[in-house]
Amino acid sequence: QVQLVESGGGLVQAGGSLRLSCAASGRTFSSYAMGWFRQAPGKEREFVAVINYFGANTYYSDSVKGRFTISRDNAKNKVYLQMNSLKPEDTAVFYCAATSKYSTLYDSRQYEYWGQGTQVTVSS
């Protein structure tokens, strides 16, 4: 079992920045690729970013590429999402998730463990 707890959400003006954190406990953190997803009201959960087991590879959705950066610290059992140049359309509940899978990691169905989510609201 892996337990995930997100933090760092809040209210920010358009153009601002936030850094989300996800703390993991349980089984070996470095055994899992870690992803961030988000869900806006009335919309389906969508992929944001993923980082592989040792942080060597990252992948982003087109909507956040160049603005968001995913990173991880395996010594601290944490994964981060640095969000810059935020837009009102980034408003959503952001979730971190863990997977032991190796492919199609943009697909939420590949993830075995999920956090409870943290709200990000970007005002215009």
Check: Step by step, would you call Val64 with Arg38 a side chain to side chain contact (heavy atoms under 4.5 Å, CB included)?
Finding: CA-CA 11 Å; Val64 308; Arg38 65 186 180 185; 4.0 Å; yes
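- A salt bridge links Asp62 with Lys65: the closest approach of a Lys/Arg side-chain nitrogen to an acidic carboxylate oxygen falls below 4.0 angstrom.
- Taking CG of Leu86 as the start and CD of Gln13 as the end, the distance is 11.5 Å to the nearest 0.5 Å.
- Using modelled atom types, one finds a donor on one side chain and an acceptor on the other under 3.5 Å when comparing Ser25 with Gln3.
- When atom types are taken as modelled, the side chain of Arg72 and the backbone of Lys78 share no donor-acceptor pair closer than 3.5 angstrom.
- Here Phe37 and Tyr111 bring their ring centres to under 6.0 angstrom of each other.
- The two atoms that bring Trp36 and Ile70 nearest to each other are CD1-CD1, 3.5 Å, heavy atoms only.
- For Phe94, the ring-ring contact (aromatic ring centres under 6.0 Å, His included) test picks out no residue, with sequence neighbours left out.
- Closest non-hydrogen pair, Leu11 versus Ser123, comes out as CD1-CB, 4.3 Å.
- For the residue pair Ala98 and Leu4, the shortest heavy atom distance occurs at N-CD1, 3.8 Å.
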Checklist line | Worked verdict on Tyr80 versus Asp73 for side chain to side chain contact (heavy atoms under 4.5 Å, CB included) | finding: CA-CA 8 Å; Tyr80 305 98; Asp73 185 337; 4.2 Å; yes
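- With hydrogens and angles disregarded, a donor-acceptor distance shorter than 3.5 Å links the side chain of Asn52 to the backbone of Asn57.
- In terms of heavy-atom proximity, Gln116 sits nearest to Val5 at OE1-CA, 3.7 Å.
- At least one donor-acceptor pair closer than 3.5 Å links the side chain of Glu112 to the backbone N or O of Ser100.
- Linking ILVMFWY side-chain heavy atoms closer than 4.5 Å, directly or via other members, places Met83 and Val50 in two distinct hydrophobic clusters.
- One hydrophobic cluster, built from ILVMFWY side chains closer than 4.5 Å, holds both Val48 and Val122.
- Among all heavy-atom pairs drawn from Trp114 and Ser108, the shortest one is CZ2-O, 3.5 Å.
- Of the N and O atoms on the side chains of Ser63 and Ser61, at least one donor lies less than 3.5 Å from an acceptor on the other residue.
- Heavy-atom minimum distance, Pro88 versus Ser124: CG-CB, 3.8 Å.
- Under 4.0 Å is where a charged nitrogen must lie from a carboxylate oxygen, and between Lys101 and Asp107 no such pair does.
- Separation of atoms CD (Gln39) and CD (Glu46) is listed at 9.5 Å; rounding is to 0.5 Å.
- Residues Val93 and Val12 do not share a hydrophobic cluster, clusters being chains of Ile/Leu/Val/Met/Phe/Trp/Tyr side chains in contact below 4.5 Å.
- Here Phe68 contributes atom CZ and Leu20 contributes atom CG; the two are 8.0 Å apart, rounded to the nearest 0.5 Å.
- Distance check, rounded to the nearest 0.5 Å: OG1 of Thr91 to CD of Glu89 gives 8.5 Å.
- Within the 4.5 Å cutoff, the side chain of Ser17 has heavy atoms near those of the Gln82 side chain.
- Considering only residues two or more places apart in sequence or on other chains, Lys43 meets the salt bridge (Lys or Arg N to Asp or Glu O under 4.0 Å) condition with none of them.
- A distance of 13.5 Å separates SG in Cys96 from OH in Tyr113, rounded to the nearest 0.5 Å.
- When side chains are defined from C-beta on, Asp90 counts as touching Arg67, because their heavy atoms get closer than 4.5 Å.
- Side-chain atoms of Thr118 come within 3.5 Å of backbone atoms of Gly9 as a donor-acceptor pair (strictly under, hydrogens ignored).
- Both Tyr106 and Tyr95 sit in one connected hydrophobic cluster of ILVMFWY residues. Membership requires side-chain heavy atoms under 4.5 Å apart, directly or through other members.
- Between Thr104 and Gln110, the side chains place a donor N or O and an acceptor N or O closer than 3.5 Å (distance only, hydrogens not considered).
- Note: Thr58 OG1 to Leu105 CG = 12.0 Å, rounded to the nearest 0.5 Å.
- Judged by distance alone, with hydrogens and angles left aside, the side-chain atoms of Tyr32 form no donor-acceptor pair with the main-chain N or O of Val2 at under 3.5 Å.
- Under the ring-ring contact (aromatic ring centres under 6.0 Å, His included) criterion, Tyr53 pairs with Tyr102, not counting sequence neighbours.
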